[in-house]
Q: 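Below are the structure tokens for one structure; questions will follow.
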Amino acid sequence: MALRGPGTLYRLLRSQLSHKCQQSRAQSVAVLGAPFSKGQKRRGVEHGPKVIRDAGLMERLSGLDYSVHDFGDLDFHHLEKDEPYMGVKFPRNVGAANKMLSGAVSRAVGAGHTLVMLGGDHSLAIGSVGGHAQQCPDLCVIWVDAHADVNTPMTSPSGNLHGQPVAFMLKELQDKMPDIPGFSWTSPFLSSRDLVYIGLRDVDPGEYHIMKELGIQYFTMRDIDRLGIQRVMEVTLDGLLARKQRPIHLSFDIDAFDPSLAPATGTPVNGGLTYREGIYITEEIHNTGLLSVMDLVEVNPVLGASRDAVLATASLAVDVIASTLGQTREGAPVSIIDIDEIPPTKDDTEQLRL
């Protein structure tokens, strides 16, 4: 794969941007909450959207150069009777929630917004990416996570659907996926070459086999240590965007960060991203000009050992979202008022004489 200096290709793509899914979205951001937890076993992740908002998300976004719309939270109706199927837990609830989310995401993208989806657990990506693909079928996905989430029902050790969403998306796994109750509304829409993982460090044996068999591009934390995050992002964006410009879907699990930074989450794994690495990822995605939808999932306030731990995790989520949407680390706002000249030093000579 031919590489180039940092930023060259995807900044060029930004200057040539013409994709129908991006034309009217640059100045409009919508936030949608998905308070859902049935994709895994730990209660509390359904409160993720609230604590992220409470940490100042809307105020932060209003300071950027966008028209910001809060679409509130989806109201999921839980089915009381939802028996496991082939070991998969709560399939009907997860399927129904994702169907509702898919429609909401599709409508928001179709209306011209860049969408931020607040989870909830990562099973919601089935609906989020799926709804996005309805409007932008040529999208690509950057999956930032400690886990690959590409188990099929046959390879999953737990049966939890937050560890299986990518398997529902991939065309190459279509014949490996049984007909799970609750998912008749969806079908695979993503090619394995249109997906890149960043931050992996807890991959199940079945997932490893799937990634190798399908040739999915992935970067573990060892790869990040070896190559550096700048190189990782260069290879990621070249691989996804070199063939053609297309919308990016960023699916960001807060457990991609080291647990010392994001302790309030359900499946923490030591040795994760540093703050600077995580923010660099989002900055480079923003610099492409191609971000269309992002998920921020798995913030669980119930699992924080203290109020400070919860606030640290939620504040980190706000930083990730704001950075993906253009907040810089240069100390200046995104939108700078034009100044004709640097103001001259005020002459106080006369005052001194008095």
Side-chain angles (χ1 to χ4, degrees), residues 30-55 57 71 73-74 76 90 93-94 97-98 100-102 104-105 108 115-132 141-151 160-169 195 197-200 202 248-257 259 261-269 272-273 278 281-282 285 291 293-304 310 313-325:
V31 176
L32 176 67
F36 184 80
S37 64
K38 293 292 187 180
Q40 47 83 66
K41 63 182 180 181
R42 295 178 179 271
R43 68 181 184 88
V45 74
E46 69 273 17
H47 302 303
K50 181 179 187 305
V51 296
I52 295 172
R53 285 194 179 93
D54 288 349
L57 175 64
F71 287 0
D73 290 350
L74 294 175
F76 298 115
F90 305 111
N93 274 290
V94 176
N98 275 287
M100 179 183 290
L101 177 60
S102 176
V105 170
L115 182 68
V116 178
M117 189 279 284
L118 306 177
D121 69 64
H122 218 163
S123 69
L124 294 164
I126 300 170
S128 181
V129 186
H132 188 184
V141 177
I142 300 176
W143 195 277
V144 184
D145 201 328
H147 311 90
D149 295 346
V150 71
N151 273 304
N160 294 325
L161 278 165
H162 77 156
Q164 303 179 46
V166 179
F168 284 84
M169 303 178 198
L195 166 68
Y197 288 107
I198 300 175
L200 297 181
D202 186 13
I248 294 173
H249 189 114
L250 170 62
S251 203
F252 203 117
D253 189 321
I254 202 69
D255 74 19
F257 284 103
L261 298 173
T265 190
T267 50
V269 185
L273 296 172
I281 292 168
T282 57
I285 290 171
L291 178 72
V293 177
M294 77 169 295
D295 313 321
L296 197 293
V297 299
E298 299 286 358
V299 173
N300 190 333
V302 171
L303 299 180
V310 174
T313 308
S315 297
L316 181 58
V318 172
D319 287 351
V320 167
I321 295 167
S323 177
T324 309
L325 294 172

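Hydrogens, waters and symmetry mates are skipped; everything else that's a heavy atom, side chains included, is used.
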Q: Please find the pair of heavy atoms, one from F36 and one from S123, that lie closest to each other, and give the distance.
A: CE2-OG, 3.9 Å
Q: To the nearest 0.5 angstrom, please state how far the CD atom of E298 sits from the OG1 atom of T313.
A: 12.5 Å
Q: Please list, chain by chain and in numerical order, all residues satisfying salt bridge (charged side-chain N to carboxylate O under 4.0 Å, His left out) with K50, sequence neighbours excluded.
A: D54
Q: Taking only residues two or more places apart in sequence, or in another chain, which ones meet Q40 in a side chain to side chain donor-acceptor pair (under 3.5 Å)?
A: none
Q: Quick one: pull up CG in D121 and NZ in K41 and give me the separation to the nearest 0.5 Å.
A: 13.5 Å
Q: Excluding sequence neighbours, so at least two apart, what forms side-chain contact (heavy atoms from CB on, under 4.5 Å) with L261?
A: F257, Y275, L316
Q: Which heavy atom in G120 sits nearest to a heavy atom in P49, and how many Å separate them?
A: N-CD, 3.8 Å
Q: Could you give all pairs that pass the salt bridge (Lys or Arg N to Asp or Glu O under 4.0 Å) test and reach residues 313-323, with sequence neighbours left out?
A: R60-D319
Q: If you measure from CG on D73 to NE2 on H47, what distance do you get to the nearest 0.5 Å?
A: 11.5 Å
Q: Within the structure provided, determine whether D255 and H147 are in side-chain contact (heavy-atom separation under 4.5 Å).
A: yes
Q: Nearest 0.5 Å, please: how far is CD1 in I321 from CG in L118?
A: 5.0 Å
Q: Considering non-hydrogen atoms only, spot the tightest contact between L124 and N98 and give its length.
A: O-OD1, 3.1 Å
Q: Supply the atom-to-atom distance F76 CZ to L101 CG, rounded to the nearest 0.5 angstrom.
A: 5.5 Å
Q: Using the side chain to side chain donor-acceptor pair (under 3.5 Å) criterion, which residues pair with S251? Sequence neighbours excluded.
A: H122, D295
Q: Is there a side-chain contact between V129 and V293 (heavy atoms, below 4.5 Å)?
A: no
Q: Within this structure, what is the CD1-CD1 distance for the pair I198 and I142, rounded to the nearest 0.5 Å?
A: 5.5 Å
Q: Could you tell me which residues satisfy side-chain contact (heavy atoms from CB on, under 4.5 Å) with A256, sequence neighbours excluded, listed by chain and number?
A: V144, F252, L273
